[in-house]
Amino acid sequence: MSVSPIKKAVIAAAGSGTRFLPATKAIPKEMIPLIDRPIIQYLVEELAASGIEDVVFVSRWDKKVLEDHFDQHPTLEDALEASGKERYLAETRRPGELVNVAYIRQKGPYGNGTPALNAAPLLGGQPFVYAFGDDLVSSEVPFTAQLIEQYHKTPGVILGAQEVPRDEVPNYGMIEVDAEMRVTKIVEKPAPAAVTSNLVGFGRYVLPPELPALLGEIPTGKGGELWLMDAIEVYMRRGGAVYACPVREGRWLTTGDPVNYLEALFHYGLERDDLKDDLARIIKRLAERL
């Protein structure tokens with residue numbers, strides 16, 4: 001069976017960033033810097049490196065700065081060019097050169113399924129990558145490319161996944177799979193004894209064209225919100241195939257709370273040749289105080 005190429009992605013970026021207040025009173029959570037780039041740019045760079053050409057951001061009225069980041073800034077660019085700061089000029093232009101972008105504002109119920117429903121008219125009835133704006137993956141092969149590769153092998157819903165220690169199982173939505181990585185069960189925040197798998201599903205997916213339509217059919221769920229996983233479970237009950245795609249040669253890094261954000265910050269700092277030695281020295285010095 002031929003499978004359509006995947007060139008479009010939707011990024012859900014309408015959250016409030018409550019756990020980062022008061023910083024997020026004026027700055028969208030997705031625009032908080034990880035060193036010298038905002039969180040969201042790492043995600044868009046991964047999408048672009050995976051062959052994604054068009055990205056739909058689903059955000060809200062107070063996130064215009066996110067739109068500005070992926071636009072041109074002629075005044076700043078002219079000043080950098082005039083002063084001969086070519087490296088900074090290239091880095092300033094880079095966000096606007098990664099992908100084609102469109103922006104829509106989230107409408108309808110709260111929930112992580114609503115952005116996919118809102119973006120559906122822009123997707124041309126094609127499969128697409130769906131990403132949460134605060135979930136990053138650091139890997140040798142861009143993780144979105146891994147998801148797309150899996151989709152071409154096993155069309156259906158593809159879930160990003162990573163193993164976690166058993167004592168962390170109650171913190172996540174866990175997925176059980178068969179020998180071919182087909183999902184057989186999804187359990188939200190279970191007791192460790194209730195599941196046999198250590199695989200957590202996180203905010204990165206390939207979704208077939210049927211999923212937005214399902215999101216438009218199902219009722220809101222827990223907390224009165226529209227949940228993507230509720231639609232995926234309906235898709236499974238109707239015979240749709242759902243597969244897990246564990247991260248290969250890399251790791252998932254969420255930035256959704258201050259502790260995990262700090263881990264991501266250190267991780268990306270230690271990945272950079274221009275920073276890793278100084279950062280390692282700082283970390284060792286701070287550790288001596290513990």
Practice prompt. Could you tell me whether Glu30 and Lys63 make a salt bridge, using a distance below 4.0 angstrom between a side-chain N and a carboxylate O?
Written response: yes
Worksheet item: In terms of side-chain heavy atoms, does Gln41 have a donor or acceptor partner in Glu45 at a distance below 3.5 Å?
Response: yes
Discussion item. Please check this pair: side chain of Thr184 against backbone of Glu176, looking for a donor-acceptor N/O pair closer than 3.5 Å.
Written reply: yes
Worksheet item: Can a salt bridge be assigned to the pair Asp36 and Arg272 using a cut-off of 4.0 Å between side-chain N and carboxylate O?
Response: yes
Worksheet item: So, Thr154 versus Arg182: side-chain donor-acceptor pair below 3.5 Å or not?
Response: no
Discussion item. Suppose we call two aromatic rings close when their centres sit under 6.0 Å apart. Are Phe57 and Phe70 close by that rule?
Written reply: yes
Worksheet item: Does CD in Gln126 sit with more than 12 non-hydrogen atoms of other residues, nucleotides or ligands closer than 6.0 Å?
Response: yes
Practice prompt. Measure the shortest side-chain to side-chain distance between Asp230 and Leu214 over non-hydrogen atoms and say whether it is less than 4.5 angstrom.
Written response: no
Discussion item. Can you confirm whether or not the ring centre of Tyr268 sits under 6.0 Å from the ring centre of Phe266?
Written reply: no
Practice prompt. Would you please say whether a donor-acceptor pair under 3.5 Å links the side chains of Ser138 and His267?
Written response: yes
Worksheet item: Taking ILVMFWY side chains as joined if any heavy atoms are under 4.5 angstrom apart, and letting links pass through other members, which residues group with Ile282?
Response: Leu286
Worksheet item: Is there a side-chain contact between Leu211 and Leu228 (heavy atoms, below 4.5 Å)?
Response: yes
Worksheet item: For the side chain of Arg204 and the backbone of Asp135, is there at least one donor-acceptor N/O pair under 3.5 Å apart?
Response: yes
Worksheet item: So do Phe128 and Val206 actually touch side chain to side chain, heavy atoms under 4.5 Å?
Response: no
Discussion item. Rounded at 0.5 Å granularity, tell me how far CG in Leu262 sits from CG in Leu34.
Written reply: 10.0 Å
Item to complete: Would you mind reporting whether Leu43 and Ile39 have side-chain heavy atoms less than 4.5 Å apart?
Response: no
Worksheet item: So, do Val242 and Leu159 sit near enough that their side-chain heavy atoms are less than 4.5 Å apart?
Response: yes
Discussion item. Under a plain distance cut-off of 3.5 Å, with no hydrogens placed, do Glu46 and Thr144 share a side-chain donor-acceptor pair?
Written reply: yes
Worksheet entry | Close side-chain approach of Met31 to Ile40, heavy-atom, < 4.5 Å | yes
Discussion item. Against Arg238, only a single residue in Glu217, Glu210, Glu233 fulfils salt bridge (charged side-chain N to carboxylate O under 4.0 Å, His left out); can you say which?
Written reply: Glu217
Fill in: Thr255 side-chain N/O to Asp134 backbone N/O, donor-acceptor pair under 3.5 Å
yes
Fill in: Side chain Arg37, main chain Tyr42, donor-acceptor under 3.5 Å
no
Response to the item:
Contacts of Glu225 meeting side chain to side chain donor-acceptor pair (under 3.5 Å) (sequence neighbours excluded), chain-then-number -> none
Worksheet item: Counting distance only, does the side-chain N/O of Asn118 pair as donor-acceptor with the main-chain N or O of Lys107 below 3.5 Å?
Response: yes
